[in-house]
Participant: 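Have a look at this one before I ask anything.
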Amino acid sequence: MEKKLSYTDAIKELEQIVGEVEQGEISVDILSEKVKRATELIRICKSKLTTTEKDVNEILKEESEGSRQ
Amino acid sequence: MTSINPSPDRVLNLSDLTAGIARVFSENFPTAVWVKAELAKLNHYPESGHCYPALVEKDKGVVKAEIRGTIWANDFLRINRQFLQITREPLKEGIHILFRAMVKYHPVYGLSLQISDIDPSFTLGEMAREKLETINRLKKDGLFDLNRGLPMPMLPQRVAVISVKTSKGFSDFMNVLGNNTWGYAFSCALFPALLQGDKAVGSILGQLKRIKALKDHFDVVAIIRGGGGDVGLNCYDQYELASEVAQFPLPVLTGIGHSTNETVVEMVAGQNKITPTDVAYFLLQHFHNFSVLVEEYRDKILDYSQQLLEFEQRRFADLIQQHLAGTRQFLQTEKLRLEGLSRNLLDLTKDSLHGERVRMGELRSGLKHYVKQWISGRFSDIALLERQLGALDPVNVLKRGYSITYFNGKPLRDQKKVKKGDEITTRLHTGSLQSEIKSKTE
C-alpha cells in the first residue's frame, strides 16, 4: 500500500495533517498517531527524492521488444 | 491532299535549331533577372560541388511552374555560406528564395536558370512570416498555451529525454542531474532523435509518439540539444512539431541551446530553459522545493507537537497539584473527623465502664449480703440438727434411766449370746455394775 502512495498523495496527506495541526484540530489523543503518520509520510517523501522506481528502462525494453515482434 | 514532304533546302540540322533557340533566349533575356520561387529540390552533388535545384511555383499545392536551375560549385560555396550566416539555415528543400539568374539554353542540357546569387534576407523574411503563421495558427486553434498550462509535477523524477547520446548538451544535462550533491535520484530514458535540420521534425515527432504511448511512466519530457551550433533550427518553427509539443500530455522542457530568437516550439513548451544545464537545474530546483516543503511540514508538526505536549504536561501537572491539594484537604477533614469520633468513643467507653463498675459494686455487696444470710441460715439448720441429734446421744438415754449391757466389751442385744455364770457389765448414767447371770428368760 505504501509503495503505491505517490509523492503527490503523500505530500497532500502531509499538508492535510499540517493543516489540522495549524488549525489546532489535533488532540493529544491522536497526536502520536498523526505524528507517526506524518513521520512516515516525510520518510516516503524524502526517500522519493533519492530513489527511483527504475521501471523506465524496463518499459523501454518491453516496448522495443514488442515493436520487434 | 497536299504533300507533307519537305523540300530539301528547308531541312535544318538539330544544332542549327538549338542555336536558333539559344539566340531567342539570349535576345529576350540579355541580362540577369531576379526571380522568386520555392526550392523544391536542392540536388547538390558533393563530388563536383555543383547544384541543380528544382525551382517551382505552387498555387494551393499545385505546381504552376517548374524549371531547373544550376549553381556552379564556386557560386554555391559563396551563396550557401552567406545564406547560412544570415538565415542560420543552409540552403535546403522547401524554402522560398529570391535569386538572380541568367536564362540559359544549352544545346545538350536544355533550359536552365543559372543562379549567381541568392538573397538571404528574402528567405529570412519568408521564414519569419512562416513562423508568425505557425504562431497565429496555434493560437487560432487554441493550442498555443496548452502545454504551458500543464501543472509541473511536484517531483519531475522520470524524464523522457529527446536528445543525441553523443552530444555535449546531453552529457551536460546528465552530469548536472547525476552529480547533484543532495543525492536526488532521476530516472532518465533517452529517446534518440535528430535535433536540427530537415529530418528533425519527423524524428522528434516519432519519439514524441513513443513517449506519448508510455506517458504514465514519465513525469516530463526534455528536448535537449547542444553543441550543434545555431543552424538548422528552423524545424522548431514548423507547425506540425510545434502543435504536437503544445498538445503533449506531459510538460515539455526545452534546452535547445542557441542564442537566436526563441523558436515556436520553445514558445509553446511548458518550460523553455534555453540550455541543457538550465533544464537540469530547473529539475533539481523542483526537488529542492519539494524537500524544503517536506522539511517545513516536519518542523511545523514537531513544533506543534511539542507545544501541545508541553501544554498538556502543564495541564496535567496543574491537575495533579489540584488533586493533591484536594486529597490533602480531604485527608485532613477525615483525620479530624476520626479524631472526633475516637474521642467520643473513649468518652462513651469511659462512661460505660463507670456504670458497669458501679453495677459490679452493687452486685458484689448484694452477693455478700446474700451469702451471709445463706450462711446464717445454715447455722440455724445445724443447730436444729444438733438439738435433734442430742436426743439420740446414749448419755441422754442413760440419763433417762436406760442402761447398756456389754459382754466382752460389746453391747449385748441377744440373751442367747450369754449363758449362766457369764459376767456382764451394765453401764448406767453414772457408773457401771458387774453382774453374774443366774438365769435367762426367753
Side-chain angles (χ1 to χ4, degrees), chain A, chain B residues 151-161 177 180-192 206-207 209-219 283-284 286-313 315-316:
Chain A
M1 183 193 127
E2 182 194 304
K3 273 206 162 170
K4 281 182 185 158
L5 194 69
S6 73
Y7 50 81
T8 315
D9 292 339
I11 203 100
K12 216 176 265 174
E13 196 178 337
L14 189 57
E15 269 170 355
Q16 197 189 329
I17 293 175
V18 171
E20 286 172 3
V21 157
E22 283 178 333
Q23 299 292 310
E25 282 168 3
I26 290 180
S27 77
V28 106
D29 296 327
I30 52 165
L31 180 68
S32 92
E33 201 181 299
K34 291 279 182 187
V35 168
K36 210 155 118 201
R37 180 64 183 154
T39 310
E40 179 66 10
L41 290 168
I42 288 165
R43 193 189 62 70
I44 292 170
C45 286
K46 283 191 162 180
S47 84
K48 292 273 182 197
L49 287 167
T50 52
T51 56
T52 58
E53 285 164 28
K54 302 226 181 265
D55 70 338
V56 167
N57 290 326
E58 278 167 37
I59 292 299
L60 287 180
K61 213 183 286 168
E62 279 171 28
E63 186 231 20
S64 64
E65 277 164 10
S67 64
R68 229 179 280 141
Q69 281 165 5
Chain B
M152 263 302 278
M154 211 168 258
L155 266 190
Q157 192 161 41
R158 300 166 305 168
V159 189
V161 186
L177 288 190
N180 77 79
T181 49
W182 305 277
Y184 297 152
F186 292 88
S187 152
C188 296
L190 176 65
F191 291 80
Q207 294 297 36
K209 198 177 157 198
R210 275 182 75 202
I211 298 167
K212 205 187 225 172
L214 301 169
K215 68 182 166 64
D216 293 338
H217 300 281
F218 292 104
D219 299 314
L283 293 173
L284 285 176
H286 268 262
F287 272 61
H288 266 326
N289 295 348
F290 187 81
S291 177
V292 165
L293 196 66
V294 170
E295 289 294 330
E296 198 178 291
Y297 288 164
R298 192 186 71 100
D299 291 350
K300 274 184 183 173
I301 288 173
L302 207 64
D303 283 356
Y304 176 76
S305 304
Q306 269 166 1
Q307 274 175 25
L308 188 62
L309 285 177
E310 276 166 21
F311 174 75
E312 290 295 328
Q313 263 165 9
R315 203 155 72 113
F316 189 55

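Letters A, B, ... mirror the listed sequences (proteins, then strands); counts begin at 1. As the structure is a prediction and not an experimental result, all values here were calculated from the model. What you see below is based on every heavy atom in this structure, not just the backbone, and it leaves out hydrogens, waters and symmetry mates.
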Participant: Does any part of the side chain of B:Leu293, heavy atoms only, come nearer than 4.5 Å to the side chain of A:Glu15, both counted from C-beta?
Facilitator: yes
Participant: Out of B:Phe311, B:Tyr184, B:Phe218, B:Phe191, return the one with the most heavy atom pairs under 4.5 angstrom to chain A.
Facilitator: B:Tyr184
Participant: Which region of B:Asp299, side chain (C-beta onward) or backbone (N, CA, C, O), has a non-hydrogen atom less than 4.5 Å from a non-hydrogen atom of chain A, or is it both or neither?
Facilitator: neither
Participant: Name the option with the most non-hydrogen atom pairs under 4.5 Å to chain A; the candidates are B:Val294, B:Asn180, B:Asp303.
Facilitator: B:Val294
Participant: Contact part of B:Leu155 toward chain A, heavy-atom cut-off under 4.5 Å: side chain, backbone, both or neither?
Facilitator: both
Participant: Which value, rounded to the nearest 0.5 Å, describes the distance between B:Arg298 atom CZ and A:Lys46 atom NZ?
Facilitator: 5.5 Å
Participant: Are A:Thr39 and B:Ile301 close enough that some pair of their side-chain heavy atoms sits under 4.5 Å apart?
Facilitator: no
Participant: Which value, rounded to the nearest 0.5 Å, describes the distance between A:Leu31 atom CG and B:Gln306 atom CD?
Facilitator: 10.5 Å
Participant: Out of curiosity, A:Gln16 CD to B:Tyr297 OH, how far, rounded to the nearest 0.5 Å?
Facilitator: 11.5 Å
Participant: Would you mind checking which part of A:Leu49 comes under 4.5 Å of any heavy atom in chain B, side chain (CB onward), backbone (N, CA, C, O), both or neither?
Facilitator: both
Participant: Is A:Glu20 in contact with chain B via its backbone, its side chain, both, or neither, using a 4.5 Å heavy-atom distance?
Facilitator: neither
Participant: For the residue pair A:Ile11 and B:Phe290, what are the closest heavy atoms and their distance?
Facilitator: CD1-CE1, 3.6 Å
Participant: Distance from B:Met154 atom CE to A:Asp9 atom CG, nearest 0.5 Å?
Facilitator: 10.0 Å
Participant: Taking side chain as everything from C-beta outward and backbone as N, CA, C, O, which of these in B:Glu295 sits under 4.5 Å from a heavy atom of chain A? Side chain, backbone, both or neither.
Facilitator: side chain
Participant: Compare every heavy atom of A:Val35 with every heavy atom of B:Ser305, then report the nearest pair and how far apart it is.
Facilitator: OG-CG2, 3.2 Å
Participant: Under 4.5 Å heavy-atom distance to chain A, tell me which part of B:Phe186 shows up: side chain, backbone, both or neither.
Facilitator: backbone
